[in-house]
Amino acid sequence: MDKRDTKYTDLNTTLSAVGKAVFVNFYYDFKNASLSDHEIADKLLRENPNTKSDNQNFRIPRARHIFAEGNQLDALKIIIASTRVAPEAREKAKVILTEELARAQAFQESVDERGFIDDLNRSIVYSEQREFEYNNNPEPAKETRITQTLQYQRSKKVSSNALIKAGFLCEVNAEHPVFVRKNSNENYTEPHHLVPLFAQKDFPDVNLDREQNIVSLCSHCHNLLHYGADIDSVLYKLYTDRKDLLKLIGIEISYEDLRKYYM
């Protein structure tokens, strides 16, 4: 980047140089690090035949600079507030912003979950409890705590019960390798809410922190669901195994809708 290039002076100026509608319409292309500038330029020219080819040499690096600086959400907010932007682009910006905020909430939940699992691990010591039976009576949703992000209450007892129910084995495949916990006689598996807790807003009258909604996973499968590119073989099996149990406690959801929470 040329430090003398005034088009990088501030976010609004940079965004104007890109073109606010262009930034929205090609948002996920600019965000996709696997796409080269040349590939994006070709797409811009194909879908905007009236644009000049040399314009892309300026637009693309500026658009990617916005992402590199972590300013993409602020850029969307600027576009939404701009009365000079076409209504269609402003509406699309609202949709993208909603999707991005949901992804941020999902990431925060995975961070919260890791802290919860660490705390849970310290509580699972030598145990005489070998069985657990589901209570299939629906329960109201737990209270949500509001900080900078929403915090959802989790019960260590409920998660522990879910692991006991699964025999401390991975519910994707009971033969997946596991190891014995430190300071315990049980295998190490991790609890995972199949319908994520950040989906609570879509189930306002149902408690998602129930054993029926918590699966026992080996470390590999758990991380795959959070960070993997190809999750369908794992997620679909867990869904088909649990969907009837979920219905009993008031959680009715299609696989397509469940899959959206993992995008």
Side-chain angles (χ1 to χ4, degrees), residues 1-112 146-150 196 198-202 225-232 235 256-263:
M1 182 200 315
D2 187 342
K3 291 183 179 179
R4 295 171 297 177
D5 190 339
T6 59
K7 296 300 183 182
Y8 289 100
T9 302
D10 57 54
L11 178 58
N12 205 14
T13 303
T14 303
L15 190 57
S16 295
V18 175
K20 293 183 174 68
V22 169
F23 184 80
V24 171
N25 290 329
F26 297 90
Y27 180 92
Y28 288 113
D29 297 301
F30 295 134
K31 182 180 179 180
N32 188 349
S34 68
L35 289 179
S36 68
D37 288 1
H38 179 72
E39 289 173 310
I40 297 175
D42 284 346
K43 185 173 181 180
L44 281 166
L45 289 171
R46 283 197 311 273
E47 299 187 14
N48 293 275
N50 295 325
T51 191
K52 295 180 180 179
S53 60
D54 56 355
N55 285 349
Q56 315 324 318
N57 296 327
F58 298 93
R59 278 182 169 151
I60 296 169
R62 287 178 171 84
R64 291 198 142 168
H65 175 73
I66 291 172
F67 284 94
E69 294 293 309
N71 291 328
Q72 62 271 24
L73 300 189
D74 287 335
L76 290 170
K77 292 174 184 177
I78 289 173
I79 293 167
I80 292 167
S82 176
T83 56
R84 299 180 66 181
V85 177
E88 297 82 2
R90 294 168 65 190
E91 287 304 312
K92 188 171 183 178
K94 290 178 184 178
V95 171
I96 294 173
L97 181 60
T98 299
E99 292 172 348
E100 291 286 58
L101 291 175
R103 290 188 186 92
Q105 185 64 58
F107 175 77
Q108 183 60 48
E109 180 174 337
S110 71
V111 173
D112 293 343
I146 300 177
T147 56
Q148 287 186 329
T149 58
L150 298 177
F198 71 83
Q200 187 67 73
K201 64 184 184 301
D202 299 324
L225 282 181
H226 280 300
Y227 308 114
D230 183 12
I231 67 171
D232 285 293
L235 185 61
E256 291 71 22
D257 287 340
L258 176 65
R259 182 68 172 78
K260 291 176 184 176
Y261 292 126
Y262 289 80
M263 294 175 65

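Starting from 1, each residue takes its place in the sequence as its number. What you see is a predicted model; the values in this text were computed from it and never measured. Basis for what follows: all heavy atoms, side chains included, without hydrogens, waters or symmetry-related copies.
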Specify the closest pair of heavy atoms between [X] and [Y], including all atoms of both residues, with the distance to one decimal.
X     : Y     : value
Ala33 : Arg64 : CA-NH2, 4.3 Å
Ala63 : Val18 : N-CG2, 3.5 Å
Ile79 : Ala93 : CG2-CB, 4.0 Å
Arg62 : Ala17 : CD-CB, 3.4 Å
Val85 : Arg90 : O-CD, 3.2 Å
Ala75 : Leu15 : O-CD2, 3.6 Å

Value rounded to 0.5 Å, distance of [atom1] in [X] from [atom2] in [Y]:
X      : Y      : atom1 : atom2 : result
Arg84  : Ser16  : CZ    : OG    : 8.5 Å
Arg259 : Ile231 : CZ    : CD1   : 4.0 Å
Glu47  : Asp29  : CD    : CG    : 7.5 Å
Leu11  : Lys77  : CG    : NZ    : 11.0 Å
Ile60  : Ser36  : CD1   : OG    : 8.5 Å

The residue among Phe26, Tyr27, Phe30 that forms ring pair (Phe, Tyr, Trp, His ring centres under 6.0 Å) with Phe67 is Tyr27

Set out, in order, the CA-CA distance, both residues' side-chain angles and the distance that settles side chain to side chain contact (heavy atoms under 4.5 Å, CB included) for Glu69 and Thr14, then state yes or no. CA-CA 12 Å; Glu69 294 293 309; Thr14 303; over 6 Å; no

Can you find a pair of side-chain heavy atoms, one from Asn12 and one from Lys20, that are under 4.5 Å apart? yes

Could you tell me if the side chain of Val95 sits less than 4.5 Å from the side chain of Glu91, heavy atoms only? no

Give the C-alpha distance, both sets of side-chain angles, the deciding distance and a yes or no for side chain to side chain contact (heavy atoms under 4.5 Å, CB included) between Leu76 and Gln72. CA-CA 6 Å; Leu76 290 170; Gln72 62 271 24; 5.6 Å; no

What verdict does the side chain to side chain contact (heavy atoms under 4.5 Å, CB included) test give for Lys43 and Arg46, after you've listed the backbone C-alpha separation in whole Å, the side-chain angles of each residue and the deciding distance to 0.1 Å? CA-CA 5 Å; Lys43 185 173 181 180; Arg46 283 197 311 273; 3.7 Å; yes

List the steps and the verdict of side chain to side chain contact (heavy atoms under 4.5 Å, CB included) for Asn32 and Ile40. CA-CA 10 Å; Asn32 188 349; Ile40 297 175; over 6 Å; no

Quick check: does any side chain N or O of Asn71 sit under 3.5 Å from a backbone N or O of Asp74, one acting as donor and the other as acceptor? no

